[in-house]
Every structure is written in structure tokens, then in C-alpha cells.
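Structure, as C-alpha cells:
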Amino acid sequence: MEEMLFYDRMQFAFTITFHYLFPQLTMGLSLIIVYFKWKFLKTKDEQYNHATHFWMKIFALNFAMGVVTGIPMEFQFGTNWAKFSELTGGIIGQTLAMEGMFSFFLESSFLGLFLFGEKLLGHKWHFVTGLLIMIGSWASGFLIIATHSWMQNPVGYEILENGKFVLNNFQALFLNPWLWPSYLHNQAASLVTSSFVVAGIGAFYILSKKNVSFGKLFLKTGVIFGLISSIVVAVPTGDLAAKNVVKYQPVTFAAMEGIFHTEKKGSEIVLIGQPDVKDKKLDNKIAVPNILSFLTYGNWDQEIQGLDQFEEDLHPTNISGLYYAYHIMVGLGTVFIGLMVISLFQLIRGKLFETKWILWSLMFMMPFPYIANTTGWYTAELGRQPWLVYNLLRTAAGASPTVSSGNTLFTLLGFIGLYLLLGMLFLLLVGKIINKGPHNVELSTEKI
């Protein structure tokens with residue numbers, strides 16, 4: 001049973017990790033594309049329309065990859081996690097169905113018009129279709145996170161005699177106190193990814209002395225959007241999300257921060273340290289006294305519960321993985337803010353485009369928001385374990401009892417091979433679009 005559960009979790013972890021590489025760019029990039037089209041309507045500067053066409057090609061390719069990699073995850077609910085689907089389908093089935101019927105339908109329907117209908121629609125209606133695509137992608141994220149938030153903090157439900165969960169308060173599902181901080185935090189993080197991609201490609205064009213005018217536009221746009229979103233990820237959304245963990249999952253918060261023993265006169269914040277779960281301590285730690293208590297409660301001496309205050313069978317099943325995932329996310333987020341502050345300072349001084357070390361840094365930082373987003377999701381998922389529905393349904397109780405570990409491992413290896421090929425194809429096609437550049441995108445000659 002343990003081996004079967006391990007491969008079930010590994011397969012879902014791999015497929016969802018690979019899948020989310022694409023929606024995080026899609027959601028943030030849709031906003032930036034709408035911004036470029038709005039600037040074109042406002043200024044009548046054709047460069048902004050060039051930029052719109054360029055990025056919507058990358059958006060469309062990214063969207064297609066998100067769809068292809070998302071479909072297998074739905075089947076896993078019925079194959080690997082059939083018991084979970086049977087027991088909770090009356091609740092999570094509603095939000096997941098709404099995501100498919102409304103958000104995905106809206107997004108995919110108007111994507112074709114946005115890609116091919118500019119001359120037919122005219123620029124103003126072309127802008128509207130882009131706006132609707134953005135609304136669809138952001139609504140899709142909202143409904144997925146509504147599902148996830150219910151699993152983290154179940155509300156508005158009752159459990160029938162047969163063990164099935166049913167929703168008795170539809171409003172509570174969308175007023176879940178876990179939902180809005182998590183959703184806004186996720187959307188800001190997706191905008192960080194998109195901003196770094198836009199800024200990084202802009203830096204590449206400037207450094208390669210190719211499409212320099214577009215490089216400057218992309219760099220300026222990416223830096224401004226990147227600084228705003230990087231700050232919003234930390235404050236207020238990250239702060240509110242962390243306080244939700246303290247309130248609703250205190251044992252998870254203790255593991256995230258590496259608090260093995262309750263500190264009576266305020267908790268320190270650990271900057272560096274390696275968790276020794278066996279001996280219940282942090283090795284080689286560098287910490288600042290009382291800061292964590294102040295950040296969490298606004299009180300320097302406030303006690304924060306450690307793992308010693310909870311029964312061990314309630315502890316997260318992978319404390320080390322949770323600790324490292326959380327600290328990687330926070331550490332990278334701090335680096336993002338610092339780099340974008342410096343970049344904006346140089347932009348205001350008029351020296352950003354000539355400061356090569358910043359250009360190289362922005363270009364090579366493009367993969368790191370993906371890492372930060374992934375570790376952020378790992379923090380949420382590892383923190384909830386050993387529960388599928390927090391405090392109500394254990395992960396082991398949600399797996400399909402009839403699917404063998406061998407079958408799961410076989411399909412996992414198949415997914416790894418297939419997704420490797422898809423990933424290589426995606427990078428090849430995106431590379432061709434970037435190499436071709438915005439100058440070679442055909443412009444519409446219709447009047448505004």
C-alpha cells in the first residue's frame with residue numbers, strides 16, 4: 001500500500017509540476033498583452049501592436065501546452081485517486097466543472113478571434129477579445145484555487161452516512177478565508193514569471209543588438225510590472241497567506257519555519273539552516289531573534305507553537321522538503337524584489353539599457369520565477385500532508401485500491417518521456433518566435 005501510494009503521489013506531482021509551468025505564464029502574460037494593446041489604442045504607436053502580435057503567438061503556444069498537459073491530470077482523479085473523487089466529488093466536482101465549462105470555454109473561444117480576427121474585428125474589438133481572454137484565464141485560476149482552498153480549509157460541507165462530502169453552503173466555498181489571499185498571491189506570482197520572461201527577452205535583444213527598440217520596450221515593461229508584482233507577492237498577499245497557515249494549520253507553519261520546540265519569549269526567524277528531523281533541531285542555523293513573532297503577530301514576544309506541541313502523526317510527512325521548499329520560495333522572492341528595485345532605479349536614471357550586468361542578470365533569471373512558483377505550490381501541498389482534505393480525509397484513504405504500483409510506475413515513465421519531448425518541442429518553437437522577432441510580425445492596416 002505504501003509503495004502504491006508513493007507512485008500515485010509521484011505521478012500526480014510530476015504531471016502537475018510540468019503542467020503548471022504553462023498556466024503561470026499564461027495568466028500573467030495575458031495582462032501584459034492587454035496592456036500592450038491598450039497602449040496601442042491610446043498612442044497609435046505601431047510598436048505596441050507589434051509587441052501585442054509577438055507575445056500573443058507565445059501566449060497561444062503556451063496555452064496549447066497547458067491544455068495538453070492538463071488533460072491527463074483529470075483522468076488521474078478517476079484512476080489513481082478514485083476514492084478521493086468518490087468521497088469529495090460533490091464539492092470539488094462543482095468548481096472543476098465550472099472551470100472547464102465557463103473559464104476555459106471563454107478563454108479558448110476568444111483566443112481564435114484574438115489570433116486571427118484583428119482585421120475583421122478592428123482594433124477596439126480586438127482589444128476586447130484580449131481582455132476577455134485575460135478574464136477567462138484569471139477566472140480559471142480562481143476556480144482551481146477555490147478547489148485547492150477547500151482542501152486546505154474545508155468549509156460549507158456536511159458528511160453523509162456513507163462518508164461522502166456534500167456542499168450545504170455554496171457561498172461559503174467562495175468566501176473561504178483561505179481562498180482570496182491564496183488566489184491573489186498566486187496571480188501576483190504568475191505576473192512575476194511573465195514579467196521576468198518579458199524583461200529577459202528584452203535584455204536578450206539589447207545584448208544581441210537585435211530588435212533593440214523592442215528590447216527596450218520589453219525591458220521597461222517587464223521591470224515595471226515585475227517590481228509591482230514582486231512586492232505584491234510578498235506584501236500583502238504572501239503575508240496574509242502565511243497568517244492563514246498560522247491560524248488554520250499551525251503544525252504546518254511550525255514545520256515551514258523549522259520550529260521544532262516552542263519558544264516562550266518570541267520566535268526567531270531562520271535565514272539559513274538545515275533541519276535534522278531525527279534529532280528535532282536545525283543545524284548550522286543563522287537566525288534573527290524575535291523577528292518571526294513580530295512579523296506574524298506584531299508582537300516581539302508572542303509565542304509561536306513548535307512541532308513539540310502536536311502529536312507526531314499530525315506532523316507534515318516530509319518536514320525537510322516542506323522547510324526547503326518554503327525557504328527557496330521566500331529567498332527567491334527577496335532576490336526578485338532586490339533585482340527589480342535596482343533595475344527600476346537604473347531605468348529612472350536612464351542607464352538601464354547600458355548596464356550590462358543587470359541585463360545579463362535579468363536574462364539569466366528567467367527560469368527562477370518558475371522555480372519559485374513551483375516551490376510555492378510544493379509548500380502548500382507538502383504542508384497539507386498527510387491529509388487530502390485537511391483534518392478530514394487522509395491521503396492514504398483517497399487512493400485507488402485497485403491500481404497497482406507497477407501500473408502507476410509504468411505510466412509515470414511514459415509521462416516523463418512524452419513530456420520531455422513536448423518540452424523540447426515547446427522550447428524549439430518559442431526559440432524560433434524569439435529569433436524571428438517582432439519586426440517580422442505582419443501588421444494590420446485597418447484603421448482604429
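Not measured: the values here are computed from a predicted model.
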Side chains of Ser140 and Glu99: donor-acceptor distance under 3.5 Å anywhere?
-> yes
Distance-only donor-acceptor check, side chains Tyr378 and Thr17, under 3.5 Å = yes
Search all heavy atoms of Ser343 against all heavy atoms of Ile358 and return the closest pair with its distance.
-> OG-CG2, 3.3 Å
Got a sec: does the NZ of Lys210 have more than 12 other heavy atoms crowding it under 6.0 Å?
-> yes
Note, Phe294 side chain near Ile291 side chain (heavy atom, < 4.5 Å) | no
Parallel, tilted or perpendicular, as decided by the 30° and 60° cut-offs, for the rings of Phe364 and Trp360 = parallel
About how many Å separate CZ of Phe415 and CZ of Phe14, when rounded to the nearest 0.5 Å?
-> 9.0 Å
Heavy-atom distance under 4.5 Å between the side chains of Phe63 and Ile133, does that happen here?
-> no
For a side chain to side chain contact (heavy atoms under 4.5 Å, CB included) with Trp55, tell me which candidate from Val197, Ile433, Thr221 qualifies.
-> Val197
Indicate whether any N or O donor in one side chain lies under 3.5 Å from an N or O acceptor in the other, for Asp308 and Thr262.
-> yes
Close side-chain approach of Leu292 to Phe253, heavy-atom, < 4.5 Å | yes
Would you call Leu362 and Val223 a side-chain contact if the rule is heavy atoms closer than 4.5 Å?
-> yes
Answer whether the closest heavy-atom distance between the side chains of Phe225 and Leu31 falls below 4.5 Å.
-> yes
Roughly how far, to the nearest 0.5 Å, is the CD1 atom of Ile71 from the OG1 atom of Thr15?
-> 13.0 Å
Does Glu381 come within less than 4.0 Å of Arg9, counting only side-chain N to carboxylate O?
-> no
Residues Asn290 and Lys265: side-chain donor-acceptor under 3.5 angstrom = no
Phe84 vs Ile92 side-chain heavy atoms within contact, under 4.5 Å | yes
Rounded to the nearest 0.5 Å, how far apart are CZ of Phe336 and OG of Ser229?
-> 10.0 Å
Do Thr296 and Gln302 have a side chain donor and acceptor closer than 3.5 Å?
-> no
Does a side chain donor of either Gln274 or Tyr323 reach within less than 3.5 Å of an acceptor in the other side chain?
-> no
Phe77/Phe12 aromatic ring centres below 6.0 Å = yes
Any chance the side chains of Trp178 and Ser182 put a donor and an acceptor closer than 3.5 Å?
-> yes
Look at the aromatic rings of Phe174 and Phe142 and report parallel, tilted or perpendicular, splitting at 30° and 60°.
-> parallel
Inspect the surroundings of CD in Glu158 and state if more than 12 heavy atoms from other residues, nucleotides or ligands are less than 6.0 Å away.
-> yes
Quick one: pull up OG1 in Thr411 and CG in Leu418 and give me the separation to the nearest 0.5 Å.
-> 12.0 Å
Member of Thr402, Asn407, Thr408 meeting the side-chain hydrogen bond (donor to acceptor under 3.5 Å, both in side chains) criterion with Ser404 | Asn407
Partner of Ile231 by side chain to side chain contact (heavy atoms under 4.5 Å, CB included), out of Leu227, Ile228, Val233 | Leu227
Within-4.5 Å side-chain heavy-atom neighbours: Asn153 and Tyr390 = no
Run the ring-ring contact (aromatic ring centres under 6.0 Å, His included) check on Phe218 and Phe54 step by step: do they pass?
-> CA-CA 11 Å; Phe218 296 163; Phe54 174 77; 5.5 Å; yes
Would you give the length of the straight line joining atom CG of Leu429 to atom CD1 of Ile434, rounded to the nearest 0.5 angstrom?
-> 11.0 Å
Ser30 side chain near Phe114 side chain, heavy-atom distance below 4.5 Å | no
